[in-house]
Amino acid sequence: MDRYIKRLLDVSAATIALILLAPLFLFIAIIIRLTIGLPIIFRQLRLGYNCRPFVLVKFRTMSDERDSCGNLLPDKQRLTGIGRLMRRLSLDEFPQLWNVLKGEMSLVGPRPLFLKYLDLYTSEQKRRHEVRPGITGWAQINGRNALSWEEKFDLDVWYVDHCTLSLDGRILLNTFWQVLKGTGISQKGHVTTAEFAGSQTKHDGAARHLNLSI
């Protein structure tokens with residue numbers, strides 16, 4: 001029953017937020033158009049519920065600057081000032097409310113990751129796809145990108161095993177606090193985090209031994 005109530009709450013909240021935030025979306029779109037250019041929306045295939053791919057949408061934060069050979073410059077060099085601010089305030093994530101409305105995402109759940117990671121997961125890590133991916137999640141309020149991939153996946157699986165509506169509410173409330181603090185936005189030396197290259201050792205739920213209090 002919680003699953004159906006969660007979906008109803010997702011649809012209701014996403015609909016209301018898209019309506020109320022429409023002026024802000026327009027303002028952000030104009031700023032992106034003037035400072036970065038087109039396209040305004042960044043689209044990318046990500047893994048969703050039951051490992052099904054879907055098109056994730058975000059506000060664009062990086063330019064298309066290339067080197068003399070036509071290759072894109074590193075992310076760090078293409079991330080613009082306005083893009084950095086949007087990431088700091090998580091404004092770039094707002095278009096994912098559309099993904100929530102379409103049923104591809106939830107407000108709360110493990111963050112959707114690249115398709116190329118699927119073959120790198122352990123069987124335990126792959127369980128993160130047993131629920132819809134979220135705009136925010138358990139790992140996001142417990143360290144975000146400051147965590148190692150193994151720690152994030154352990155937290156994701158912990159959420160799959162313990163998700164309730166009350167836990168989702170606590171995560172949403174804590175997310176606002178984390179955004180205000182601006183912690184864990186990126187790993188040292190990276191715009192966000194290093195790419196996942198596979199776990200060196202198999203984990204058996206190490207998140208159960210982490211400090212999981214909110």
Side-chain angles (χ1 to χ4, degrees), residues 6-65 72 75-76 78-117 128-129 131-141 144-145 152 156 159 168 171-180 182 184-186 190-193:
K6 178 182 172 77
R7 178 61 188 147
L8 178 61
L9 292 174
D10 279 343
V11 171
S12 301
T15 301
I16 294 171
L18 284 169
I19 294 171
L20 294 180
L21 295 174
L24 176 61
F25 286 6
L26 178 60
F27 176 74
I28 293 174
I30 293 172
I31 295 298
I32 294 173
R33 177 66 178 88
L34 295 175
T35 59
I36 304 177
L38 297 174
I40 291 169
I41 296 294
F42 171 77
R43 294 175 173 83
Q44 190 174 60
L45 278 175
R46 297 288 179 95
L47 280 171
Y49 179 53
N50 283 336
C51 297
R52 290 194 297 264
F54 72 99
V55 179
L56 176 101
V57 291
K58 300 176 70 172
F59 279 125
R60 187 176 172 211
T61 58
M62 293 192 289
S63 70
D64 286 330
E65 290 184 83
L72 284 173
D75 290 355
K76 188 175 182 179
R78 294 189 296 117
L79 181 63
T80 65
I82 190 65
R84 189 173 292 106
L85 177 62
M86 285 194 292
R87 291 191 180 196
R88 164 66 178 77
L89 299 174
S90 296
L91 297 177
D92 59 317
E93 311 284 358
F94 280 7
Q96 288 161 49
L97 290 166
W98 177 245
N99 291 122
V100 173
L101 202 59
K102 291 171 64 180
E104 297 163 336
M105 292 180 64
S106 175
L107 293 178
V108 179
R111 285 295 296 162
L113 301 175
F114 300 130
L115 272 64
K116 63 184 179 182
Y117 292 169
R128 69 192 303 279
H129 296 287
V131 298
R132 284 188 179 94
I135 295 178
T136 186
W138 191 233
Q140 278 58 56
I141 66 166
R144 201 173 175 182
N145 288 323
K152 280 189 274 192
D156 288 342
Y159 173 80
D168 282 3
I171 291 172
L172 286 170
L173 288 174
N174 200 268
T175 295
F176 293 114
W177 173 239
Q178 296 298 324
V179 169
L180 288 175
I185 297 173
S186 61
H190 298 277
V191 170
T192 50
T193 187

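Quick caveat, the model's predicted, so the values are computed rather than measured. When reading the values below, keep in mind they use all heavy atoms of this one structure, side chains included, and skip hydrogens, waters and symmetry mates.
Residues Phe42 and Val57 fail the side-chain proximity criterion, which asks for heavy atoms closer than 4.5 Å. Taking the side chain as every heavy atom from C-beta outward, Ser106 and Val131 never approach each other to under 4.5 Å. Looking only at side-chain heavy atoms (C-beta outward), Leu107 and Thr136 stay at 4.5 Å or farther from each other. Annotation: side chain of Met86 is in contact with side chain of Ile32 (closest heavy-atom distance under 4.5 Å). The side-chain heavy atoms of Met62 and Lys76, taken from C-beta on, include no pair separated by under 4.5 Å. Looking at heavy atoms from C-beta onward, Leu18 lies in side-chain contact with Leu97 at the 4.5 angstrom threshold. A 4.5 Å side-chain heavy-atom check between Lys6 and Asp10 finds at least one atom pair inside the cut-off. Looking at heavy atoms from C-beta onward, Phe94 lies out of side-chain contact with Ile135 at the 4.5 angstrom threshold.
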*Run the side chain to side chain contact (heavy atoms under 4.5 Å, CB included) check on Gln96 and Leu56 step by step: do they pass?*
CA-CA 7 Å; Gln96 288 161 49; Leu56 176 101; 3.7 Å; yes
| Under the side chain to side chain contact (heavy atoms under 4.5 Å, CB included) criterion, do Val108 and Trp138 qualify, and how do the steps go? | CA-CA 8 Å; Val108 179; Trp138 191 233; over 6 Å; no
Practice task
Before giving the answer on side chain to side chain contact (heavy atoms under 4.5 Å, CB included), spell out for Thr35 and Thr80 the whole-Å C-alpha distance, their side-chain angles and the decisive distance to 0.1 Å.
Solution key: CA-CA 8 Å; Thr35 59; Thr80 65; 5.6 Å; no
Q) Tyr159 and Arg128: side chain to side chain contact (heavy atoms under 4.5 Å, CB included), yes or no, with the steps? A) CA-CA 8 Å; Tyr159 173 80; Arg128 69 192 303 279; over 6 Å; no
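To the nearest 0.5 Å, atom CZ of residue Arg144 and atom OG of residue Ser90 are 4.0 Å apart. Between atom CH2 of residue Trp98 and atom OG1 of residue Thr15 there is a gap of 9.5 Å, rounded to the nearest 0.5 Å. The CZ atom of Phe25 sits 8.5 Å away from the CD1 atom of Ile41 when rounded to the nearest 0.5 Å. Rounding to the nearest 0.5 Å places CG of Asp75 at 8.0 Å from CG of Leu79. Here the straight-line distance linking atom CZ of Phe59 with atom CD1 of Ile36 works out to 11.0 Å at 0.5 Å rounding. Atoms CZ and CD1, from Phe176 and Ile171 in turn, are 13.0 Å apart once rounded to the nearest 0.5 Å.
Judged by distance alone, the side chain of Arg60 and the main-chain N or O of Gly37 form a donor-acceptor pair under 3.5 Å. Remark: the backbone N or O of Val55 is paired with a side-chain donor or acceptor of Asn99 at under 3.5 angstrom. For Arg111 (side chain) and Gly134 (main-chain N/O), a donor-acceptor pair under 3.5 Å exists by modelled atom type. In this structure, the side chain of Gln140 engages the main chain of Gly137 through a donor-acceptor pair within 3.5 Å.
Closest approach of Arg132 to Arg7, counting heavy atoms only: NH1-CD, 4.0 Å. Leu47 and His129 get closest at one heavy-atom pair: CB-CE1, 3.6 Å. The two residues Ile40 and Ala29 have their closest heavy-atom pair at CD1-O, 3.5 Å.
Taking a 6.0 Å sphere around CZ of Arg43, one finds it holds 12 or fewer heavy atoms contributed by other residues, nucleotides or ligands.
With salt bridges taken as basic N to acidic carboxylate O contacts below 4.0 Å, one links Lys58 and Glu93. Salt-bridge annotation for Arg88 and Asp92: absent, with no side-chain N of the basic residue lying under 4.0 Å from a carboxylate O of the acidic one.
Side-chain contact check for Ser63 and Arg78: no donor-acceptor pair (N or O, by modelled atom type) lies under 3.5 Å.
Note on residues 45-54: pairs passing side chain to side chain donor-acceptor pair (under 3.5 Å), not counting sequence neighbours, are Gln44-Arg46.
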